[in-house]
There are 2 protein chains.
Amino acid sequence: MDLFVSKFFNKIDKKGRVSLPSSFRNALPKANRNEIILYKSIKSPSIEGCGVGRLKEIAKRINNLDFFSEDYDDFSTSIFSEIVTTNIDKEGRFLIPEELKSYAGIKTEAAFFGQGHFFQIWEPAQGLKNTEVSRKRLLEEKKSLRIILTQQK
Amino acid sequence: MDLFVSKFFNKIDKKGRVSLPSSFRNALPKANRNEIILYKSIKSPSIEGCGVGRLKEIAKRINNLDFFSEDYDDFSTSIFSEIVTTNIDKEGRFLIPEELKSYAGIKTEAAFFGQGHFFQIWEPAQGLKNTEVSRKRLLEEKKSLRIILTQQK
DNA sequence: CACATACCCATTGACGCCCATATAATCCCA
DNA sequence: TGGGATTATATGGGCGTCAATGGGTATGTG
């Protein structure tokens, strides 16, 4: 399974280490299993993460913008300087930078939420609340949930 | 990882030396790990830097501008004539030329901002302010941001 | 000789690597 | 199919290594 799915709650130890859920590690490409990228979510007080391959894809896209335009700078600055890479140790743990932790309000425990091609890290209580809210919104608006779920490839 | 990502704040010592962040050193091609080029950013009071190999890419970009335009001359002159090369010592430190330092208003501390294929060096406070402004501008016209960030594969 | 720069060595703190344990999941065999 | 044995995952802690920083000395160029 090369997708990030399900949710997990892991503890952050005294050294600041936290285990990346095993199934998430397996979702990373075999090539780069010991490095992930993290960045502040744009739409919520959470951290988003994924494998480095995705970053290279983004780099390619930005590189295609007009080199001397303001957009180029904005993207380049907002994305590359805000992204951090962290290494995963042999036990499958990694460090969440202080700045990101405080952005998400994470202290002693981190909640991992699979999002398909990437995942989110939340302060546990906030994360649960968020899933509840977004599920409710989805059902109320009877959005295309049914369509999405029943659509055949 | 062969990209310059994340941000770092390093001190400049009495001799004017400053450490190039470790991950930035690793982003340089193994061939030329002890030399980088620096030049004044055209669009902001900051210094831009990269490995010597990147020069060709810059040349190509400038070459793609209309040869008879003012831009061509301006960019060509402003960038190429201002480029300096500096050596990195065994501890990973280098010297920022006085002219560049004063251009960026850097005194005792330098902020390194990854920009993918190159990086910027800012006076810390100004650099942080710049990323903030950049991010705001992107979020306001959130048109293309989403495309760049969320497009799959 | 004065100044700038490169090389060498030292210190501190952070991080990675290794080993250990407990709980949970899986397997194997009678 | 039950139960013990094996493996995997999450977690804790010791310790060596490396990055960032400071400073002393040699080399060099005007």
**Request:** Mind listing the residues from residues 86-96 of chain A sitting with a heavy atom below 4.0 Å of DNA chain C? Number order is fine.
**Result:** A:Asn87, A:Lys90, A:Glu91, A:Arg93, A:Leu95
**Item:** Student check: side-chain heavy atoms of B:Ile36 and B:Phe119 closer than 4.5 Å
**Value:** yes
**Item:** Distance below 4.0 Å between A:Arg17 side-chain N/O and C:dC17 OP1 or OP2
**Value:** no
**Asked** Should B:Phe112 and B:Phe4 count as side-chain neighbours, where that means a heavy-atom distance under 4.5 Å?
**Response** no
**Message:** Whole angstroms only, please: what is the CD1-P distance between A:Ile36 and C:dG16?
**Reply:** 12 Å
**Prompt:** Taking five pairs at each end of the helix from C:dC1-D:dG30 to C:dA30-D:dT1, what angle separates the two helix axes (nearest 10°)?
**Reply:** 40°
**Item:** Atom-pair distance (CD on B:Glu35; P on C:dA6), nearest Å
**Value:** 11 Å
**Message:** Between B:Ser19 and B:Asn10, is there a side-chain donor-acceptor contact under 3.5 Å, judged purely by atom types and distance?
**Reply:** no
**Request:** Round to a whole Å and report the spacing from CZ of A:Phe24 to P of D:dA10.
**Result:** 11 Å
**Message:** For D:dG14, does the base pair up with any side-chain atom of A:Lys15 as donor and acceptor (N or O, under 3.5 Å, distance only)?
**Reply:** yes
**Message:** Tell me the interatomic distance from B:Asn26, atom CG, to D:dC18, atom P, rounded to whole angstroms.
**Reply:** 12 Å
**Request:** Please tell me if the side chains of B:Val5 and A:Ile37 come closer than 4.5 Å, counting only heavy atoms from C-beta onward.
**Result:** no
**Asked** Under 4.0 Å: is that the gap between some side-chain N or O of A:Lys11 and OP1 or OP2 of D:dA10?
**Response** no
**Message:** Strictly below 4.0 Å: does B:Ser19 bring a side-chain N or O up to OP1 or OP2 of D:dA19?
**Reply:** no
**Message:** Rounded to whole Å, how long is the line connecting atom CG of B:Asn10 with atom C1' of D:dG22?
**Reply:** 14 Å
**Asked** Can you tell if the side chain of B:Ile47 reaches within under 4.5 Å of the side chain of B:Gln120, non-hydrogen atoms only?
**Response** no
**Message:** Side chains of A:Thr85 and B:Ser23, heavy atoms from C-beta outward: is any pair under 4.5 Å?
**Reply:** no
**Message:** Counting C-beta onward and ignoring hydrogens, is there a side-chain heavy-atom pair between A:Leu100 and A:Ile106 closer than 4.5 Å?
**Reply:** no
**Complete:** Between B:Lys14 and B:Pro21, the residue closer to the 5' end of DNA chain D by nearest nucleotide is B:Pro21
**Request:** Take the protein atom CG of A:Asp13 and the nucleotide atom P of D:dG13, then report the distance between them rounded to whole Å.
**Result:** 8 Å
**Prompt:** Strictly by modelled atom types, are B:Glu48 and B:Tyr39 linked by a side-chain donor-acceptor pair under 3.5 Å?
**Reply:** yes
**Message:** Between C1' on D:dA19 and CZ on B:Arg25, what's the gap in Å once rounded to a whole number?
**Reply:** 7 Å
**Asked** Rounding to a whole Å, what distance do you find between A:Glu109:CD and D:dG12:C1'?
**Response** 16 Å
**Prompt:** What pairs with B:Ser46 under side-chain hydrogen bond (donor to acceptor under 3.5 Å, both in side chains), at least two apart in sequence or on another chain?
**Reply:** B:Ser44
